Structure formats: structure tokens, C-alpha cells
Amino acid sequence: MNNSILNQVSLNPEQQEAVLHTEGPLLILAGAGSGKTRVLTHRAAYLIEQGVNPWNILAITFTNKAAGEMRERVNQIVGMGSESVWVSTFHSTCVRILRRFIDRLGFDTSFSIYDTDDQKSVMKEVCKKLEIDTKVIKERSLLAAISHAKDELISPAEMELDAGADYYKQRTSAVYKEYQAQLRRNNALDFDDLIMKTVELFQNCPEVLDNYQERFRYIMVDEYQDTNTAQFRLVSLLASKYRNLCVVGDDDQSIYKFRGANIGNILNFEKVFPDTKVIKLEQNYRSTGNILNAANDVIHNNAGRRDKRLWTENEDGAPVHFRQFQNGYEEAEYIIGNIRSHVEKGEAQYRDHAILYRTNAQSRMFEEKLVHANIPYKLIGGVNFYARKEIKDLLAYLKTIENGQDELAVRRIINVPKRGIGATTLSRVGDYAAAEGISFYDALLNAEQIPGIGRGSAKVLPFTVLIQTLRARQEHGSVSELLEAVIEETGYVKELELEDTEEARARIENIDELISKVRDYDDNAEEPSLSGFLEEVALVADIDNLDEESNHVVLMTLHSAKGLEFPYVYMAGMEEGLFPSYMSIMADNPREEIEEERRLCYVGITRAKKELTLTAAKQRMIRGEIQYNKVSRFVREIPEECLDIKTETPGQRSKEEWESRREKRREAFLEARRNLRAKPFETSPVTVTKADHLDYGVGDRVRHLRFGEGTVLEITEGRKDYEVKVEFDTAGVKKLFASFAKLKKC
DNA sequence: GGTTGGAAACTTTTT
DNA sequence: GTTTCCAACC
């Protein structure tokens with residue numbers, strides 16, 4: 001074992017033990033900052049070193065970002081063969097499996113994936129059909145009930161059985177049943193279905209399960225504390241043959257109960273797998289002593305947890321700061337000023353700072369101040385790029401081309417741009433489709449035969465012709481060519497250009513952004529395909545776009561911050577009613593809910609490496625109303641000896657001054673949002689940075705992260721970027737954008 | 001069939 | 001304070 005991977009790196013005894021324990025179930029209880037990713041990646045490397053085929057290793061994470069990072073690190077340590085290790089999220093893994101085998105469950109393999117908006121639209125239909133007054137029972141709560149059922153692998157039939165005589169439950173199960181029927185008709189799955197259907201597939205088709213059990217002989221699951229029952233079942237099924245299941249988690253960082261995470265999965269792991277080896281990683285390498293003490297003392301107030309206490313060899317560092325302000329405005333001003341002074345003094349860069357808050361709504365004030373101070377920032381969360389109207393419209397065209405059964409997509413675009421097709425025509429078509437037992441789109445193809453449609457059929461024809469033409473085009477050609485054809489043929493952008501408003505221009509810029517995303521996909525995906533692109537789009541989270549390289553302050557919710565670390569962390573809005581949230585205090589089971597909030601607080605505190613600042617405001621505007629909040633209980637749970645407390649005195653300002661500031665703030669915010677709209681992935685300088693020169697030329701040998709080595713055939717200088725044509729030794733000839741491809745001369 | 005203005009609802013967190 | 005929805009108009 002002399003040349004072993006183990007001798008090349010320094011791992012502490014527990015970490016080493018975890019790496020070495022390759023056979024049988026393994027539970028790693030990894031405290032915050034204890035180097036769990038390091039353990040996982042080295043474990044993968046060690047497995048391969050021991051002769052395990054990389055192809056037989058599966059590593060599951062929760063976000064694409066985490067998967068990407070793990071992939072990169074495994075590549076670094078392992079080198080050859082590392083690309084066959086399957087590193088992916090739960091959802092992507094399931095999609096890949098379902099794309100191959102879902103026909104066995106009666107779906108078509110070109111199924112669509114519905115996002116929250118789509119789910120809502122379906123639910124609206126369902127409620128209309130079942131005559132449910134959505135003012136009495138909200139779509140949202142029905143969807144929540146269904147989602148929860150799916151997390152627990154409860155089918156509509158089971159829910160119905162369980163309902164007994166309870167009218168409300170009966171109603172819910174009827175809605176669930178109809179909702180599933182509609183999804184089925186659209187050949188669509190929602191997020192939760194992705195997991196549940198895969199479990200169903202494995203349970204119904206032993207040969208498919210066996211296939212994947214053979215493939216994934218070694219399984220690792222990251223952030224195990226956040227798995228729900230369905231995900232647990234999925235993993236158990238896969239691991240049941242070889243039993244080489246390694247899960248890593250921290251019960252103190254379980255913050256997704258609302259999304260169905262079952263903390264029992266981690267607390268009872270040893271009961272389900274009796275011969276489990278348990279390893280605790282309690283040494284923290286991330287934070288200062290003071291920060292760690294604060295975290296330890298806060299979390300100690302929770303009752304339902306495995307006992308542990310993180311320790312560190314790091315210095316105590318600065319005390320944790322607590323600042324209370326008159327209002328949210330002064331709070332933001334202080335934080336931004338603090339960040340600026342760090343940067344001006346040369347102590348840190350913008351990207352070393354993160355502002356964390358409980359709710360997305362709190363981001364606004366910080367955005368205003370950051371724009372005003374001309375500080376680059378990146379906002380994570382809020383409205384997803386792919387949820388914007390213009391993007392959803394164009395994607396609906398692509399979905400229609402890919403999956404003609406997706407009625408939601410067809411309905412969305414049939415009259416966009418305007419084709420004079422209205423509600424009457426649509427409902428006739430819908431009736432006809434139902435009567436004939438065919439899909440909505442197939443009914444459109446037979447428009448002239450539909451009774452009572454009149455002139456409508458003439459208006460439908462150009463639409464179906466368009467789709468058929470585009471479908472024919474899809475057969476050969478890239479996804480970007482297809483998207484450009486859609487834009488061209490529909491005149492979507494042309495129409496926006498004619499509008500000539502600020503908003504329309506922003507939309508066009510978003511569409512440009514979409515085009516470059518598609519090109520990037522065409523260039524970098526292993527096997528680019530329309531369904532592959534749609535899937536990537538459906539499964540991205542905003543956090544996946546956080547790029548550590550670019551230099552900006554990061555704004556996000558405490559939830560999004562899990563798994564990240566920053567030298568300077570600000571936790572804003574440390575107030576009773578905000579954090580812990582009003583909802584948790586008022587819940588039926590406040591103790592449990594507040595414990596979850598406390599875990600969230602623990603996650604926030606442990607993100608900080610060097611300095612942690614907590615802030616609160618005495619009065620805060622919430623939904624247009626001023627609230628007066630007490631300081632959060634979590635602040636008081638931090639030991640005094642590592643806390644430095646200051647209450648800022650209110651600044652003396654006249655009423656007029658406030659009024660004029662208000663105006664300025666409004667303007668600043670509107671501008672910020674314009675910028676955000678224009679460049680959804682980066683608020684500051686530019687989206688694509690065209691290098692002023694490339695350090696390779698035609699004929700040079702270059703290396704690409706995924707495609708390996710190759711020879712440069714051609715370099716074309718474009719408006720925004722260089723386009724490089726490379727002949728790869730193994731992957732063939734590819735056209736790549738220089739800024740995306742990050743080619744290295746070798 | 002499309003546009004517009006005013007009322008209602010909304011905020012906990014997300015793959 | 002902001003977004004979404006729907007009714008009344010064109």
C-alpha cells in the first residue's frame with residue numbers, strides 16, 4: 001500500500017478508517033466542516049485502487065453543484081477511468097434510469113418533467129374537473145399533500161384506503177388520483193414522481209433492478225440526513241444485493257423536513273442495516289474556535305439528536321458579532337459598509353462574503369444597497385431563470401416537439417405568438433380529444449373534422465404545420481439549431497423587437513442567454529439531445545450556477561447555503577418571528593419546528609470560516625406593514641464569552657431626508673432588477689468574458705475537462721467569444737466556445 | 001378574442 | 001410592497 005492514495009494525502013484517523021471501510025454498510029456522521037467531501041472522494045479513489053471498476057461506483061448528491069464538485073475532485077485524484085464513476089443527483093439519476101425503462105410503466109420514454117408552475121396548472125384543471133372550490137381548498141395545499149404522499153411512497157389507492165370516512169382526506173385522494181391521471185395523459189412526471197416511479201419500476205421489474213444492482217455495487221450517498229422515505233427505499237433497493245452502502249450525513253444539519261426529509265433515515269440506519277460500521281467525524285477544519293463554540297451551544301438546545309460536539313485546532317479568532325439596528329435599512333447599510341471596508345483595506349475580496357437570511361423577500365434591501373454602492377453581487381434563489389415567461393414559452397415549443405402528448409406545453413404556445421385561437425376553439429378541441437380518446441395535439445391535427453370549430457380550424461393549421469416542420473428538422477441537427485429555428489419561424493424575438501420597451505429588451509436578452517445556454521449544452525454534453533437538454537433545464541437549481549471564481553458578494557437563504565463556506569458570513573434578520581419563523585412558533589408542534597429552525601441556524605453559523613456577524617432590526621417592514629420584533633432566541637443561546645454585542649443608535653434624519661432616500665432606493669432597486677433580468681447569471685460586469693487572446697493556436701494540443709486531449713483545427717473570432725474547433729482523440733470533432741470550454745494547452 | 005385596471009393574496013425554506 | 005388574478009371593457 002506504499003504508493004496508495006492514502007499515503008499521498010493527510011487524513012485523520014477517523015477519515016482514514018472511513019476510506020478503508022469499503023465492504024458492507026457504513027454510516028459516517030460528519031459534522032459541519034469535518035471534511036466529508038474529502039472522505040467521499042478519497043473513498044472512491046481508494047475503491048478504484050483496490051481494483052473496483054469505476055463503472056460500479058455510484059455517488060449521489062442533492063444538487064448538481066455538489067455533484068459537479070465531487071466529479072471534479074474525483075477526476076483530480078483518480079485520473080484515468082474516473083469519468084465512468086456515476087456522480088449525480090437523486091433526480092438526474094432517476095431520470096436517466098426512467099428514460100431507458102419507463103415504458104414498462106406505461107409511459108413513453110420522451111416524458112416531460114413538470115416544474116412547480118406546471119404542477120399548479122395541472123392542479124387547476126383537476127380542481128375544475130372535480131368541482132373543487134379553490135378558495136376553500138387551495139391548490140397549493142393539495143399539491144403539498146400529494147407531494148408529501150409521494151415522498152412517503154403512498155399511492156392514490158393507498159391514500160383512499162387510509163382516508164376512511166374522513167371527507168377531506170377522501171377528497172384529497174380523489175384529487176391525487178385525477179392529478180396522476182392528468183400527468184399520465186400528458187406523458188409527464190413531476191419532481192416527486194421521478195423518485196417514486198423509479199422505485200415502482202424497481203419493484204415491478206426485478207430484471208431492471210438486478211441490472212442496476214449489478215451496475216452499482218458500491219453506493220455512496222451525501223447529505224443523507226435530507227433523504228426522504230422514497231429516496232431511502234430507492235437506495236436500499238439498489239444496495240440490497242451487494243450491501244456496500246456508505247451514507248454520509250449530519251442529523252444536526254437536517255433542514256428539509258418540510259420537503260419530506262425523514263430524519264429517521266439517519267437516526268435508525270443501524271437498525272435497518274444491523275452490521276453497520278459507524279464512524280464519527282468531529283474535528284472541524286473550517287471555522288475558528290469562537291464560531292464553533294457558538295454553533296455547538298446553539299445546537300445543544302435541541303433534544304432529538306445524536307450527541308456530539310465539534311472541536312477544532314484552529315485559533316479562537318474574533319468573537320461572533322451581534323448588531324441590532326433601528327430598521328432593516330440600517331441593517332443592510334451596516335453589512336454593506338462592513339464588506340466594503342474589508343475590501344478597501346485589502347483584507348478580503350467580495351467573494352469572501354455571504355449574506356444569509358431566512359426568507360427570499362429579505363434580499364431586496366441588500367440588493368438596493370449593493371447596487372447603490374456599486375458592489376458586484378450574485379443573488380441565489382428567487383425567480384428561476386427557466387421560470388420566466390419568455391423562456392417557458394420557448395421551452396414549451398421544444399417540449400411540444402419532443403413530447404406531443406404534453407398538452408400543457410401545447411396549450412401554452414398554441415396562441416403564442418397570437419394566432420387568433422381562443423378559449424372556444426380550445427375547449428372544442430379538448431372535447432373532441434376526450435371523445436375520440438386521442439391526445440390534444442392529435443386532435444389539432446384533425447382540426448377540420450371537429451364539429452363546431454368553424455373558422456378555428458383554418459387558424460390551427462399553420463400551428464400544426466409549424467410543429468411538424470420543426471419536428472422534421474429535429475431529426476438531424478443540434479438543439480441550438482432547433483431553438484434558433486423556433487425563434488425564427490415563430491417570430492418571437494421579432495415581435496418583442498417591435499414592442500420596443502425596456503421590458504421587451506430584457507426579455508430578448510434573456511432569450512439570448514437561453515441560446516448561449518443551449519450552445520453550451522450542445523458543445524459540452526456527452527451526447528447532446530433535445531430530451532437531454534430539457535431534462536437539464538428541468539433539474540437545475542439556482543445554486544448550481546454559483547461560481548466560486550467570479551468575484552462577487554453572495555446573497556442567499558440559509559437553506560441554499562448548506563454545503564458552502566465563506567470567510568465572512570452575515571446572518572441578517574435574527575429576530576423572533578422571522579428566524580425562528582412565525583410559522584414555526586405558531587405551529588401545532590412548535591418544539592419540533594423550532595428545532596428545525598435551530599438546525600438551520602446551526603447550518604448558517606457553521607458556514608463561517610473567519611468571522612460571523614449576526615444582525616437584527618427593531619422594526620421591520622413586512623408585507624407593507626411595520627413589525628416590531630424581539631431579538632431571536634438563537635442569539636441568546638450563544639455563550640456570552642464569545643459574543644460581542646452592540647446596539648446601534650438610530651441615525652438622526654429628518655422626514656424629508658427619509659422621503660428622498662426612499663425614492664433613491666426605489667430607483668436603485670428597479671435598476672438592479674433590470675440588470676438582473678438582463679444578466680440572470682451574473683449581475684456584475686459581463687456574462688461571457690471573451691479572452692483578449694487565447695494561449696493556444698491552430699495545430700496546438702489542448703485538454704478539455706471531459707473530452708480529454710485533442711488538436712485545434714480552427715479558431716474563429718466571434719462577436720462575444722472565440723469559437724474553437726477541436727479534434728479530440730476519443731470524442732471526435734467538436735465546436736466549442738473558448739470561455740465555456742476552458743481549454744488548456746498541453 | 002384581447003386589453004386593462006383594480007382587488008386579492010401573499011411569504012418559509014426547494015430538488 | 002409586489003405579484004397574480006379576474007371582471008369589465010374594447
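Chain identifiers are assigned alphabetically (A, B, ...) following the order of the sequence lines, protein sequences preceding nucleic acid strands; residue numbering begins at 1 within each chain. Bear in mind the structure is a predicted one, so any value in this text is a computation, not a measurement.
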Inset, instruction - Let me have a per-nucleotide readout for nucleotides 8-15 of chain B, 5' to 3', with B, S or -, counting only protein heavy atoms under 4.0 Å. - result: --BSBBBB
Please list every donor-acceptor pair under 3.5 Å in which a side-chain atom of residues 120-132 of chain A meets a protein atom from a residue at least two apart or in another chain.
from     : atom 1 : to       : atom 2 : distance (Å)
A:Ser121 : OG     : A:Asp117 : O      : 3.1
A:Lys129 : NZ     : A:Glu178 : OE2    : 3.2

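- Checked against salt bridge (charged side-chain N to carboxylate O under 4.0 Å, His left out), A:Glu139 has no partners two or more places apart in sequence or in another chain.
- For A:Glu448, there are no salt bridge (charged side-chain N to carboxylate O under 4.0 Å, His left out) partners at least two apart in sequence or on another chain.
- C:dT3 atom C1' lies 13 Å from atom CG of A:Asp117, rounded to whole Å.
- With P as the reference atom, B:dT11 and C:dC6 are 16 Å apart, rounded to whole Å.
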List, with names and distances, any nitrogen or oxygen atoms from the protein found under 3.5 Å away from nitrogen or oxygen atoms belonging to nucleotides 1-6 of chain B.
from  : atom 1 : to       : atom 2 : distance (Å)
B:dG1 : OP2    : A:Ala423 : N      : 2.8
B:dG2 : OP1    : A:Asn415 : ND2    : 2.9

Show the atom names and distances, to 0.1 Å, of all donor-acceptor pairs under 3.5 Å that link a side chain in residues 598-606 of chain A to residues at least two apart or in another chain.
from     : atom 1 : to       : atom 2 : distance (Å)
A:Arg598 : NE     : A:Glu637 : OE1    : 2.9
A:Arg598 : NE     : A:Glu637 : OE2    : 3.4
A:Arg598 : NH1    : A:Asn302 : OD1    : 2.8
A:Arg598 : NH2    : A:Glu637 : OE2    : 2.8
A:Arg599 : NE     : A:Ser254 : O      : 2.6
A:Arg599 : NH2    : A:Glu596 : OE1    : 3.0
A:Thr606 : OG1    : A:Tyr602 : O      : 2.8
A:Thr606 : OG1    : A:Val603 : O      : 3.0

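- Atom name P, nucleotides B:dT13 and C:dT4: the rounded distance is 14 Å, in whole Å.
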Identify each donor-acceptor pair in which a side-chain atom of residues 571-583 of chain A lies under 3.5 Å from a protein atom, sequence neighbours left out, and give them as a table.
from     : atom 1 : to       : atom 2 : distance (Å)
A:Glu575 : OE1    : A:Arg620 : NE     : 2.9
A:Glu575 : OE1    : A:Asn629 : ND2    : 3.1
A:Glu575 : OE2    : A:Ala617 : N      : 2.8
A:Glu575 : OE2    : A:Arg620 : NE     : 3.2
A:Glu575 : OE2    : A:Arg620 : NH2    : 2.5
A:Glu576 : OE1    : A:Arg633 : NE     : 3.3
A:Glu576 : OE1    : A:Arg633 : NH2    : 2.7
A:Glu576 : OE2    : A:Arg633 : N      : 2.7
A:Glu576 : OE2    : A:Arg633 : NE     : 3.0
A:Ser581 : OG     : A:Ser584 : N      : 3.3

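- Annotation: side-chain contact (heavy atoms from CB on, under 4.5 Å) contacts of A:Asp222 (sequence neighbours excluded): A:Lys36, A:Leu40, A:Thr61, A:Met70, A:Val248.
- Atom P of nucleotide C:dT2 and atom CD of A:Glu367 are separated by 12 Å, given to the nearest angstrom.
- Judged as a ring pair (Phe, Tyr, Trp, His ring centres under 6.0 Å), and not counting sequence neighbours, A:Phe111 has no contacts.
- Note on A:Lys257: nothing from the nucleic acid sits closer than 4.0 angstrom, heavy atoms only.
- Judged by the 6.0 Å distance and 45° axis criteria, A:Arg607 is not positioned over the aromatic ring of A:Phe566.
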